[in-house]
Student: 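Dropping the structure in here first, questions after.
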4 protein chains.
Amino acid sequence: MSSNKQNEIALAAVKLFEQKGYRATSVQDIADAVGLQKGSLYHYITSKEDLLMQIAHQAILQFNQQLQSILAEDISAREKLERMIRAHLTMSIENLETTTVLWREAFSLGEGPQEVIARMSDEYLNLVTQILTEGVANGEFQVAEPRVTALAILGACNWVYRWYQSNGSLDASDISSVFSNLFLNGLLR
Amino acid sequence: MSSNKQNEIALAAVKLFEQKGYRATSVQDIADAVGLQKGSLYHYITSKEDLLMQIAHQAILQFNQQLQSILAEDISAREKLERMIRAHLTMSIENLETTTVLWREAFSLGEGPQEVIARMSDEYLNLVTQILTEGVANGEFQVAEPRVTALAILGACNWVYRWYQSNGSLDASDISSVFSNLFLNGLLR
Amino acid sequence: MSSNKQNEIALAAVKLFEQKGYRATSVQDIADAVGLQKGSLYHYITSKEDLLMQIAHQAILQFNQQLQSILAEDISAREKLERMIRAHLTMSIENLETTTVLWREAFSLGEGPQEVIARMSDEYLNLVTQILTEGVANGEFQVAEPRVTALAILGACNWVYRWYQSNGSLDASDISSVFSNLFLNGLLR
Amino acid sequence: MSSNKQNEIALAAVKLFEQKGYRATSVQDIADAVGLQKGSLYHYITSKEDLLMQIAHQAILQFNQQLQSILAEDISAREKLERMIRAHLTMSIENLETTTVLWREAFSLGEGPQEVIARMSDEYLNLVTQILTEGVANGEFQVAEPRVTALAILGACNWVYRWYQSNGSLDASDISSVFSNLFLNGLLR
DNA sequence: GATGAATGAGTATTCATTCAT
DNA sequence: TATGAATGAATACTCATTCAT
């Protein structure tokens, strides 16, 4: 099956896109990384852009699926939010390269593909917003602007790819606790 | 004076970099935008990369200066944080193109310049962290991990360039209030 | 085999470099000469400079190898010098374009490559000097300054690319005889 | 008078042409060297090429004039040759930069100017040849091919710009003696 | 005399993609 | 499936020269 090679290519591409950026990565670079000739690569990929799209799409899809399964659970809004934050940060950090490519490089996609990613990101935002409105509805939360609040939470979580270092002292779980505490209780004593 | 033309060029570059991205913007595009021949542009700029650097550097500098003057004020930590958030969001939104270029395109800079920007961003992070530790010291705040908490706040604020739309219902001031409330009081009722 | 095309390119380059000079020859010129697109050329060459280097290096290498095999022979110093002059002039004239490029254009190389050529030319000079000192040692020659004398002989021989015309009345062999007679016997009756 | 500035420019150009080569020297480089703006330079020069032509022309002219005055003297052919060699080498070494530009860079001139230089060089060659035929006529020399022999002598002398180093142990006078001895007496004991 | 803005043609090199073998 | 030759458009940047002020 070619799926093996295809996967190998995608992995190599993610690593290169993360390191050098999508534009600065040449098809030659990817071919070198998997030990193929540039021409041979095109047996497995449609185009360099499509390769990026596959990576980004797969990434945002996993985020969405993960969050959907959390929303389906029968737990309090507070617990949903905590799990969302933990799951989001864990996935971001465990797949740091992919996440970096998703948030940093998807802008290099053409209009069409870019919009697909944007729509899925929006969907994700809606799910987070839903947790907040749920919490408001059942009296757990006080939120004046659920959508903007969701954007604040997401911004904080998504910014992680820019500063997280695997050699740092805090792991995904630690960071999740700090974030949850901040968003649930605030800074004020 | 050449400062006029130079400014015109920088403004055109910011606009183009924001719209198409740095890599996808050609020197020709910039020349066209200011009505000069490609070659003539080089009377005013050193290189395309340097142009980006000037833009990014100027942007992060303004953020830093603004925050420094807030820190110098004789007000509570809480008030400092509120002002920081308001100033940050206001500047981000009033100069949305520049801010977008700063956070999205600086990665395209070469190692040296990129590090300069990174160092200045770090400085900004330190200032925010300082507000938090100050608040902890005088009993205003409860913060377990000031640096990570600062990164959360900054992430939320910096993510704004990705979703803010000038035709939206909320302006910088509205968003600042939402953010401040979230970070100070948390979601829990 | 690509060696064919590569050779064709080198030959075309030599001809063009000789006619117009290295700087005045564009990559486009070379591409046109071999019937390729400018971009296609880069399958075969690393850079225009590298192409020049290959040509110059190959040329000086052949000079050196030729002289080394003469020095290895068990003949008198006088005969070595005569053979050296004959071999040098013959090679210069039979490969006049290459020799011209070697002596006239190698200066356009960057520091590193230029030094490589310089070192090999020096080696050649040393070999000629060796013939002279050998002749002095066994009483054949009288030479006060072997190195400067070698430089005089080499200068005379290398200057040939500047005046030799294939339609002239003298061939390489004739010129060799004249040179040998001059250097061995001098002008004085 | 502008002749001052004009001279300053020519001197700066010679130095730069010698160091970097004519093609690699920009008009900007020359302007910088004399503390003028690029545009201002054109009050003093016609074109970059003309500047090179002036330098080369002046140089070859001096060689010719010098040799002509030697030929006019009432001395033996042998002495004429010795003086020619001494004068040629002295001028070459005392004006090493100019001489280098003459022999190395004149090829970059356009067809017309290049031919002017070539014709003057030819004239020089003729004068040297004349010394030889004179020496043959009065029984001082034995020369089968005066023109080729003259080319050998000139080649040896002109090659000097390629190897002479001012920090070497031999000065122009020393080298002249070695050359004269070689050409007059030959190597053979 | 001096400036510096403007030109416009020119340069080497890169690169994603195609396709015959 | 794999190759590698070929494309052709694109790219940032340079430079000698002109000219209005």
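A, B, ... follow the sequence lines: proteins, then strands. Residue 1 opens every chain. Owing to the predicted nature of the structure, the values given are computational and were not obtained by experimental measurement.
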Student: Of C:Ser40 and B:Gly39, whose closest DNA chain E nucleotide lies nearer the 5' terminus?
Tutor: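 Closest to the 5' end, via its nearest nucleotide, is B:Gly39.
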
Student: With side chains defined as the heavy atoms from C-beta onward, is the minimum distance between A:Met91 and A:Asn95 less than 4.5 Å?
Tutor: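 Contact flag for A:Met91/A:Asn95 side chains = yes.
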
Student: Are the charged groups of D:Glu115 and D:Arg119 less than 4.0 angstrom apart, N to O?
Tutor: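 Between D:Arg119 and D:Glu115 there is a salt bridge, with a charged N closer than 4.0 Å to a carboxylate O.
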
Student: Between E:dA16, F:dA2, F:dC13, which one does the side chain of A:Leu36 approach most closely?
Tutor: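 Among the listed nucleotides, the one closest to the side chain of A:Leu36 is F:dA2.
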
Student: What is the distance from CG of C:Leu41 to C1' of E:dT11, rounded to the nearest Å?
Tutor: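 Taking atom C1' of E:dT11 as the reference, CG of C:Leu41 is at 14 Å.
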
Student: If you measure from OG on B:Ser108 to CG on B:Leu52, what distance do you get to the nearest 0.5 Å?
Tutor: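 Answer for the OG-CG pair, B:Ser108 versus B:Leu52, is 7.0 Å.
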
Student: Enumerate the residues from residues 45-54 of chain C whose closest heavy atom to DNA chain F is under 4.0 Å, giving them by residue number; use none for an empty result.
Tutor: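 Output list: empty, so none.
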
Student: Tell me whether A:Asp32 contacts the main-chain N or O of A:Asp29 through its side chain, where contact means a donor paired with an acceptor under 3.5 Å.
Tutor: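 No, the answer is negative, given that no donor and acceptor are paired below the 3.5 Å cut-off.
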
Student: Between C1' on F:dT14 and CG on D:Asp29, what's the gap in Å once rounded to a whole number?
Tutor: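 Distance, rounded to whole Å: 12 Å.
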
Student: Could you tell me how far apart D:Lys5 (NZ) and E:dT3 (C1') are, to the nearest whole angstrom?
Tutor: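 Between C1' of E:dT3 and NZ of D:Lys5: 14 Å.
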
Student: Got a sec? Which of residues 9-27 of chain A come in under 4.0 Å of DNA chain F, heavy atoms?
Tutor: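 The answer is none.
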
Student: Expressed as a whole number of angstroms, how long is the span from B:Tyr42:OH to E:dG8:P?
Tutor: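 Distance check: B:Tyr42 OH to E:dG8 P gives 17 Å.
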
Student: Return the 5'-most residue of the pair B:His43, C:Gln37 with respect to DNA chain F, ranking by each residue's nearest nucleotide.
Tutor: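 Counting from the 5' end, the first nearest nucleotide belongs to C:Gln37.
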
Student: Applying a 3.5 angstrom cut-off to the pairing atoms, does DNA chain F sit in any stems of at least three consecutive Watson-Crick or G-U pairs? List them by first number.
Tutor: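 Only these stems qualify: E:2-21 with F:2-21.
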
Student: A cation-pi test, strictly: NZ or CZ of D:Arg104 under 6.0 Å from the centre of the six-membered ring of C:Phe107 and no more than 45 degrees from its axis. Yes or no?
Tutor: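 Relative to the ring axis of C:Phe107, which defines the angle, D:Arg104 lies inside both limits.
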
Student: Nearest whole Å is fine: how far is E:dC15 C1' from A:Ile30 CD1?
Tutor: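 Distance check: A:Ile30 CD1 to E:dC15 C1' gives 12 Å.
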
Student: Looking only at the side chain of A:Lys38 (C-beta and beyond, no hydrogens), which of the listed nucleotides F:dT18, E:dT17, E:dA6 gets closest?
Tutor: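 That would be E:dT17.
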
Student: On the 0 to 90° scale, with breaks at 30° and 60°, tag the B:Phe63-B:Tyr124 ring pair as parallel, tilted or perpendicular.
Tutor: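 Rings of B:Phe63 and B:Tyr124: perpendicular, as their planes differ by over 60°.
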
Student: In whole Å, I'd like the distance from the CG atom of B:Asp32 to the P atom of E:dT7.
Tutor: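 Those two atoms, CG and P, are 12 Å apart.
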
Student: Does a side-chain N or O of B:Tyr44 approach OP1 or OP2 of E:dA6 to a distance below 4.0 Å, or not?
Tutor: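 So the side chain of B:Tyr44 is within the cut-off, an N or O lying under 4.0 Å from OP1 or OP2 of E:dA6.
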
Student: Would you please say whether a donor-acceptor pair under 3.5 Å links the side chains of A:Asn4 and A:Glu8?
Tutor: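 No pair is found: no donor N or O on one side chain lies under 3.5 Å from an acceptor on the other.
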
Student: Taking the side chain from D:Glu105 and the backbone from D:Thr100, do they hold a donor-acceptor pair closer than 3.5 Å?
Tutor: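 Pair absent, no side-chain N/O of D:Glu105 close to backbone of D:Thr100.
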
Student: Is the backbone N or O of D:Leu109 less than 3.5 Å from a side-chain atom of D:Gln114, with the two atoms forming a donor-acceptor pair by type?
Tutor: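 Checked: pair present.
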
Student: Rounded to whole Å, please give me the gap between CD in A:Glu8 and P in F:dT1.
Tutor: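 Checked: the CD to P distance equals 14 Å.
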
Student: Evaluate the ring planes of D:Tyr22 and D:Phe17, with Trp represented by its six-membered ring, and classify them as parallel (under 30°), tilted (30 to 60°) or perpendicular (over 60°).
Tutor: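 It falls in the perpendicular class, over 60°.
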
Student: Mind running side chain to side chain contact (heavy atoms under 4.5 Å, CB included) on C:Tyr44 and C:Leu36 for me, showing each step along the way?
Tutor: CA-CA 11 Å; C:Tyr44 303 98; C:Leu36 278 176; 3.9 Å; yes

Student: Would you say B:Asn64's side chain and B:Met120's backbone share a donor-acceptor pair under 3.5 angstrom?
Tutor: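 Indeed, once roles are kept as given, a pair shorter than 3.5 Å links the two residues.
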
Student: Expressed in angstrom and rounded to an integer, what is the separation of D:Gln28 atom CD from E:dT3 atom P?
Tutor: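 That distance rounds to 11 Å.
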
